[in-house]
Number of protein chains: 2
Amino acid sequence: MPKNARGISETVIRRMPVYHRYLKELIDSGIERVSSKELSRITGFSASQIRQDLNNFGGFGQQGYGYNTKALKEQVDKILGIDKSYKSIVIGAGRLGQAIARYKGFRDSGFNVISLFDVKEDMEDISGIKVRNMKDMEKYIRDEKVDVAIITVPKEFCQEVAKKVIDAGVKGIWNFAPYDLKGPEGVVVENIRLNDSLLTLSYFMKEIS
Amino acid sequence: MPKNARGISETVIRRMPVYHRYLKELIDSGIERVSSKELSRITGFSASQIRQDLNNFGGFGQQGYGYNTKALKEQVDKILGIDKSYKSIVIGAGRLGQAIARYKGFRDSGFNVISLFDVKEDMEDISGIKVRNMKDMEKYIRDEKVDVAIITVPKEFCQEVAKKVIDAGVKGIWNFAPYDLKGPEGVVVENIRLNDSLLTLSYFMKEIS
DNA sequence: TAGATTGTTAATCGATTAACAATC
DNA sequence: TAGATTGTTAATCGATTAACAATC
């Protein structure tokens with residue numbers, strides 16, 4: 001696994017949201033401290049691994065005590081950049097695009113959907129968010145300084161859309177089209193491969209039967 | 001990474017859908033043979049890794065020639081169990097549930113959505129698929145011998161729903177609720193963690209800025 | 001203080017890469 | 001045949017686990 005600029009492997013990075021998630025649960029249950037052993041029980045990662053992961057970023061624990069859930073979550077959130085906020089647009093206002101635009105959980109992660117775009121004209125607002133026409137997208141991205149594009153268009157259009165949003169200045173892409181987009185230097189792309197996940201499910205279904 | 005019954009690591013399994021996807025592209029472009037070197041260029045995996053991956057399941061290539069795209073895809077598809085077909089239901093007929101029920105790509109992978117379920121009464125059909133009431137779900141699963149439940153209900157209901165579908169005999173769960181479901185022995189669970197993916201995007205956005 | 005648990009180093013394990021004989 | 005490329009073994013690399021001194 002290649003390491004990024006900071007020297008932290010992607011394997012480790014992808015466990016951070018899990019810590020974030022379970023720490024939130026612990027805090028919501030009123031639990032103030034947690035040991036790596038208990039976190040291990042909850043997350044399924046080994047206690048050793050958890051301590052290693054966290055120590056990549058600093059010593060957040062205390063010997064003999066463990067970790068303060070609130071303080072640790074604050075650190076994890078800071079590592080993940082949840083304090084930052086990103087102007088986002090959804091491209092493709094179909095069911096999936098609508099579902100994403102309406103889902104409040106993403107706003108909590110710092111991604112504010114400020115507009116949707118579609119080739120279809122005169123679509124109704126989605127949860128109070130305007131659906132604009134695709135042809136106005138690039139100007140909108142430039143004018144509003146949009147950070148992130150969430151792509152939910154059909155596969156055959158996703159490369160074309162990606163090129164446009166990158167040229168217009170978008171710095172991150174969250175891609176739902178079943179195609180592996182690759183961004184140039186300075187643009188982050190996160191591909192969601194639902195179909196791959198389903199094929200994996202298919203494999204394991206076969207295994208158990 | 002733990003190995004499964006067949007002795008193939010999950011890391012390898014999760015690359016198989018990628019081979020499937022790119023082989024399909026090659027075949028659609030009329031390309032009949034491909035070397036591990038060329039597959040490496042396309043997929044980003046190393047040629048060595050590709051040969052190792054495929055040889056976990058058998059020697060599908062030919063020295064001096066490479067791989068026949070059609071024959072290899074057939075093998076990969078068989079490994080993934082795409083020839084099998086699974087009766088599936090979508091639980092939660094919101095936008096996400098509707099998007100999934102309508103998406104034809106999943107049917108191509110062998111997952112046929114035969115019904116949706118929702119707590120809301122008297123919902124309209126989605127692409128000709130009936131939306132039934134949640135209270136009839138367990139009987140339906142038993143009567144129709146449903147194999148897979150696709151869960152798109154809000155987080156707070158997903159455990160309860162999972163318990164019900166498992167008790168009713170479902171053998172696979174594709175979970176979109178932001179909660180790590182764990183299945184008992186004999187039940188396969190594939191969790192889609194969209195929010196985790198978004199937090200990873202957030203991390204890398206911070207890195208580049 | 002005694003017990004608990006971290007932070008960190010060393011050991012192990014698994015996955016990836018390199019190399020090359022086999023062979024089409 | 002000569003060139004190409006696999007299948008497979010060995011070497012390397014990275015990630016996980018084990019162990020334990022430090023210390024709260």
Side-chain angles (χ1 to χ4, degrees), chain A residues 1-19 22-23 26 31-76 79 200, chain B residues 1-19 22-23 26 31-76 79 200:
Chain A
M1 195 66 67
K3 302 201 163 191
N4 67 25
R6 269 262 212 56
I8 315 285
S9 80
E10 190 168 330
T11 316
V12 173
I13 302 302
R14 294 207 178 263
R15 279 194 293 264
M16 300 310 287
V18 180
Y19 297 129
Y22 286 110
L23 283 167
L26 288 170
I31 290 161
E32 281 184 4
R33 56 179 277 196
V34 69
S35 64
S36 56
K37 193 178 165 198
E38 174 64 4
L39 269 177
S40 167
R41 205 189 51 75
I42 298 170
T43 61
F45 308 148
S46 77
S48 204
Q49 186 169 59
I50 291 166
R51 293 201 298 280
Q52 294 265 27
D53 281 354
L54 298 175
N55 275 87
N56 278 304
F57 301 97
F60 305 140
Q62 201 175 321
Q63 280 103 328
Y65 173 88
Y67 300 86
N68 177 286
T69 50
K70 268 194 188 166
L72 181 57
K73 177 161 178 295
E74 264 167 40
Q75 293 292 339
V76 169
I79 291 161
T200 308
Chain B
M1 195 66 67
K3 302 201 166 191
N4 67 25
R6 268 261 210 58
I8 316 285
S9 80
E10 189 169 330
T11 315
V12 173
I13 302 303
R14 294 207 177 264
R15 278 194 294 264
M16 300 310 287
V18 180
Y19 297 129
Y22 286 111
L23 284 166
L26 289 170
I31 292 161
E32 282 186 4
R33 57 179 275 198
V34 68
S35 65
S36 56
K37 194 179 164 196
E38 174 63 5
L39 269 178
S40 167
R41 205 189 52 75
I42 298 170
T43 61
F45 308 149
S46 78
S48 205
Q49 186 169 59
I50 291 168
R51 293 201 300 278
Q52 292 266 27
D53 281 355
L54 298 175
N55 275 86
N56 277 303
F57 301 97
F60 305 139
Q62 200 174 324
Q63 282 103 325
Y65 173 89
Y67 301 87
N68 177 285
T69 50
K70 267 194 189 166
L72 181 57
K73 178 163 179 294
E74 264 167 41
Q75 293 292 339
V76 169
I79 291 161
T200 308

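The sequence lines fix the lettering, A, B, ..., with proteins before strands; numbering per chain opens at 1.
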Point to revise | Whole angstrom value for the distance that separates P of C:dC13 from CD of A:Gln49 | key: 16 Å
Point to revise | Counterpart residues, ring pair (Phe, Tyr, Trp, His ring centres under 6.0 Å), relative to B:Tyr19 (two or more places apart) | key: B:Phe45
Exercise for review: Return no unless some side-chain N or O of B:Ser9 is found under 4.0 Å from OP1 or OP2 of C:dA15.
Suggested key: yes
**Study point:** Between C:dG14 (P) and B:Glu10 (CD): distance, integer Å
**Key:** 15 Å
Review point. Using the C1' atoms of the five pairs at each end, what is the angle between the end axes of the helix from C:dG3-D:dC24 to C:dC24-D:dG3, to 10°?
Key: 20°
Can you check nucleotides 7-10 of chain C for protein contacts, nitrogen or oxygen pairs under 3.5 Å, and list what you find?
{"residue": "C:dG7", "atom": "OP1", "partner": "A:Phe60", "partner atom": "N", "Å": "3.2"}
{"residue": "C:dG7", "atom": "OP1", "partner": "A:Gly61", "partner atom": "N", "Å": "2.7"}
{"residue": "C:dG7", "atom": "OP1", "partner": "A:Gly61", "partner atom": "O", "Å": "3.2"}
{"residue": "C:dG7", "atom": "OP2", "partner": "A:Asn55", "partner atom": "OD1", "Å": "3.0"}
{"residue": "C:dG7", "atom": "OP2", "partner": "A:Tyr67", "partner atom": "OH", "Å": "2.9"}
{"residue": "C:dG7", "atom": "N7", "partner": "A:Arg51", "partner atom": "NE", "Å": "3.0"}
{"residue": "C:dG7", "atom": "O6", "partner": "A:Arg51", "partner atom": "NE", "Å": "3.3"}
{"residue": "C:dG7", "atom": "O6", "partner": "A:Arg51", "partner atom": "NH2", "Å": "2.9"}
{"residue": "C:dT8", "atom": "OP2", "partner": "A:Asn55", "partner atom": "ND2", "Å": "3.3"}
{"residue": "C:dT9", "atom": "O4", "partner": "A:Gln52", "partner atom": "NE2", "Å": "2.9"}

Check your understanding: For the pair made of CG in A:Asp53 and C1' in D:dG14, what is the distance, rounded to whole Å?
Key -> 14 Å
Check your understanding: Below 4.0 angstrom from OP1 or OP2 of D:dT17, is there any side-chain N or O of A:Ser46?
Key -> yes
Review point. When the distance from CZ of B:Phe45 to C1' of C:dA15 is rounded to whole Å, what number comes out?
Key: 13 Å
Practice item. Report yes if the side chains of B:Ile8 and B:Ile79 come closer than 4.5 Å at any heavy-atom pair, otherwise no. Key: no
Revision key, fill the gap. In this structure, CD of A:Gln49 is separated from OG1 of A:Thr11 (nearest 0.5 Å) by 9.5 Å
Point to revise | Side-chain (B:Ser36) to main-chain (B:Ile50) donor-acceptor, under 3.5 angstrom | key: no
**Study point:** B:Lys37 NZ - D:dG3 P separation (whole Å)
**Key:** 15 Å
Please list every donor-acceptor pair under 3.5 Å in which a side-chain atom of residues 55-67 of chain B meets a protein atom from a residue at least two apart or in another chain.
{"residue": "B:Asn56", "atom": "ND2", "partner": "B:Gln52", "partner atom": "O", "Å": "3.2"}
{"residue": "B:Asn56", "atom": "ND2", "partner": "B:Asp53", "partner atom": "O", "Å": "3.3"}

Check your understanding: Do the non-hydrogen side-chain atoms of B:Lys73 and B:Thr69 ever get within less than 4.5 Å of each other?
Key -> no
Practice item. Report the residues that fulfil side-chain hydrogen bond (donor to acceptor under 3.5 Å, both in side chains) with A:Glu32, sequence neighbours left out, ordered by chain and then residue number. Key: none
Exercise for review: Taking ring pair (Phe, Tyr, Trp, His ring centres under 6.0 Å) as the test, write out the residues that go with A:Tyr22, two or more places apart.
Suggested key: none
Exercise for review: Would you kindly compare B:Gly64 and A:Gly64 by the position of their nearest DNA chain D nucleotide and give the one closer to the 5′ end?
Suggested key: B:Gly64
Exercise for review: Would you mind reading off the distance between B:Arg33 atom CZ and C:dC24 atom C1', rounded to a whole angstrom?
Suggested key: 11 Å
